[in-house]
Amino acid sequence: MSAIQTVQLTIQGQPVKIHLISTGAVSVKTKFREASKTGLLALVDFILDKNFTEWMQIWVLVIEHPEGIFVIDTGENADVNNPGYFKSSGIFANWFDTTQFRFKVNKPEEIGPQLNGLNIPIANIKAVVLTHLHLDHIDGVKYFPSTEIIVNKLEWERPFGDLPKLYPSWFKPTLVELDQQFDVFDQVQYLTASKDLLLIQTPGHTYHHCSVLLQADECSIFFAADICYSQYQIIEEKYSGTNASHKMAKDTYDRVKQFAKKHKLVFLPSHDAEASERLKELKPLFDI
């Protein structure tokens, strides 16, 4: 599977280039990815699970938009392979993150070298947008000390499962309020003046988890982050074992599916092996 999938689309007739970039891989407990229970029972279930999933991609989305270049999440970095990487976060976090997850990340897979390979200077990036604060989505922020980094204000104020000891000392993101409404989504913020790139609150995985929607002429691209681990899960209503709220996750599934039944929506979760091919083919969540 290619580490980078690039497609060329248009927005109001203007060219926009989209890159889906793999920044390495993660393997999780099978019942972490897909639970048979909810709440505390799901937590106990996956901790006791002895089986790990296959290696799953850690995707980052880069959008070369007419208003500037946006990086959606920053992926993982190779330091996660180092013994003791999690020790600064405390005994429980160190135990949890070294026993429940496995990482496979090489230095050239980090977002910095990959942007360099695409001839995208970091100085040219308009903003980095973080969907939530889990380490495999923000560990690449080290490459962006002078770039505006955007985070949902509520996600920052009430994180779930973040490891702030691993944040760079300079990390002070721009906190935005998602105080607008778009279609079926009650909490959104427009990231472009043309209102075709949106940060949308899609809670469940964390209390204020977000996704990013790009409305192109050909279709809409929905970078779903960790709403689920694969497109199959949202269709079949299968849930992760670590959602902050099962009720919120179900509501998010319902809203995304309502939207996808009215609009051609290419759905790209952060760890879905088939996301790259769906982007290449512009294959929607539902045929409409």
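Predicted model, so just to flag it, every value in this text is computed and none were measured.
Atom CD1 of I227 sits about 4.0 Å away from atom OG1 of T202, to the nearest 0.5 Å. Interatomic distance, OG1 of T99 versus CG of D97, reported as 8.0 Å (0.5 Å rounding). How far CD of Q57 is from OG of S22: 3.5 Å, rounded to the nearest 0.5 Å. Rounding to the nearest 0.5 Å gives a distance of 9.0 Å between CD1 of I11 and CD of E218. Interatomic distance, CD of Q215 versus CG of L9, reported as 13.0 Å (0.5 Å rounding). If you take CZ on F223 and CG on L268, they are separated by 7.5 Å, rounding to the nearest 0.5 Å.
Side-chain contact annotation: E67 with S194, donor-acceptor N/O pair under 3.5 Å present. Between the side chains of D179 and Q187, no donor-acceptor pair is found at a separation under 3.5 Å. Looking only at atom types and distance, the side chain of N51 has no donor-acceptor partner in the side chain of T30 under 3.5 Å away. With no hydrogens or angles considered, a side-chain donor-acceptor pair links Y167 and D162 at under 3.5 Å. Side-chain contact annotation: K29 with Q100, donor-acceptor N/O pair under 3.5 Å present. In this model, no donor atom of one side chain and acceptor atom of the other lie less than 3.5 Å apart for D226 and H209. Side-chain contact annotation: H263 with S220, donor-acceptor N/O pair under 3.5 Å absent. A donor-acceptor contact closer than 3.5 angstrom links the side chains of T10 and D217. Checked by atom type, the side-chain pair Q189/E177 shows no donor-acceptor distance below 3.5 Å. Of the N and O atoms on the side chains of T23 and Q114, not one donor lies less than 3.5 Å from an acceptor on the other residue.
Looking at heavy atoms from C-beta onward, V141 lies in side-chain contact with L130 at the 4.5 angstrom threshold. I234 places a side-chain heavy atom less than 4.5 Å from the side chain of L285. No side-chain heavy atom of I58 sits less than 4.5 Å from a side-chain heavy atom of S270. Considering only heavy atoms from C-beta on, I63 comes within 4.5 Å of L214 through its side chain. Between F86 and K165 the shortest side-chain heavy-atom distance does not fall below 4.5 Å. Considering only heavy atoms from C-beta on, K283 stays 4.5 Å or farther from E274 through its side chain. A heavy-atom distance below 4.5 Å is not found between the side chains of F267 and D272. With a 4.5 Å cut-off on side-chain heavy atoms, R255 and D251 count as touching.
The backbone N or O of G75 sits nowhere less than 3.5 Å from a side-chain atom of D139 that would complete a donor-acceptor pair. Listed for the T74 side chain is a donor-acceptor partner under 3.5 Å among the backbone atoms of G140. No donor-acceptor pair under 3.5 Å is formed between the side chain of N243 and the backbone N or O of S245. H134 contributes a side-chain N or O that, together with a main-chain N or O of F160, makes up a donor-acceptor pair within less than 3.5 Å. Here the side chain of S89 pairs no donor or acceptor atom with the backbone of A93 at under 3.5 angstrom. Looking only at distances, a side-chain donor or acceptor of N77 sits under 3.5 Å from a matching main-chain atom of D79. At least one donor-acceptor pair closer than 3.5 Å links the side chain of N81 to the backbone N or O of A78. Under a 3.5 Å cut-off, the side chain of E281 and the backbone N or O of R278 do not form any donor-acceptor pair.
Within a 6.0 Å radius of NZ in K257, other residues, nucleotides and ligands contribute more than 12 heavy atoms. Counting heavy atoms of neighbouring residues, nucleotides and ligands inside a 6.0 Å radius, atom CD of Q12 does not exceed 12 of them. Applying the 6.0 Å contact sphere to CG of L48 captures more than 12 heavy atoms from other residues, nucleotides or ligands.
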Verdict with supporting geometry, E54 and S27, side chain to side chain donor-acceptor pair (under 3.5 Å): CA-CA 6 Å; E54 74 283 0; S27 174; over 6 Å; no

Residues T131, S211; criterion side-chain contact (heavy atoms from CB on, under 4.5 Å); working and verdict: CA-CA 6 Å; T131 60; S211 302; 5.8 Å; no

Derivation of the side-chain contact (heavy atoms from CB on, under 4.5 Å) call for L265 and F259: CA-CA 8 Å; L265 187 77; F259 185 82; 3.8 Å; yes

Full working for side-chain contact (heavy atoms from CB on, under 4.5 Å) between T98 and Y85: CA-CA 9 Å; T98 56; Y85 183 68; over 6 Å; no

CA sep, side-chain torsions, deciding dist, call: T147, I122, side-chain contact (heavy atoms from CB on, under 4.5 Å): CA-CA 8 Å; T147 307; I122 287 174; 4.0 Å; yes

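Between F101 and F32, the distance separating the two ring centers is shorter than 6.0 angstrom. Separation of the F171 and W156 ring centroids falls under the 6.0 Å cut-off. Residues H271 and H137 place their aromatic rings such that the two centres sit under 6.0 Å apart. Here the two rings, on H208 and H132, have centers that are 6.0 Å apart or farther. For Y239 and Y253, the ring centers are positioned less than 6.0 Å apart.
A salt bridge does not link K104 with E76: every distance from a Lys NZ or Arg NE/NH1/NH2 to an Asp or Glu carboxylate oxygen is 4.0 Å or more. Between D287 and K264 there is no salt bridge, since no side-chain N of the basic residue sits under 4.0 Å from a carboxylate O of the acidic one. Taking a cutoff of 4.0 Å between a charged side-chain nitrogen and a carboxylate oxygen, K31 and E34 do not qualify as a salt bridge.
A cation-pi arrangement, defined by a distance under 6.0 Å to the six-membered ring centre and an angle within 45 degrees of its axis, is present between R158 and Y207. Both tests hold for R102 against F52: distance to the six-membered ring centre under 6.0 Å, angle to the ring axis within 45°. Within the cation-pi definition used here (under 6.0 Å to the ring centroid, within 45° of the axis), K195 qualifies as a partner of Y190.
Heavy atoms only, all atoms of each residue included: I18 and L61 are closest at CG2-CD1, 3.5 Å.
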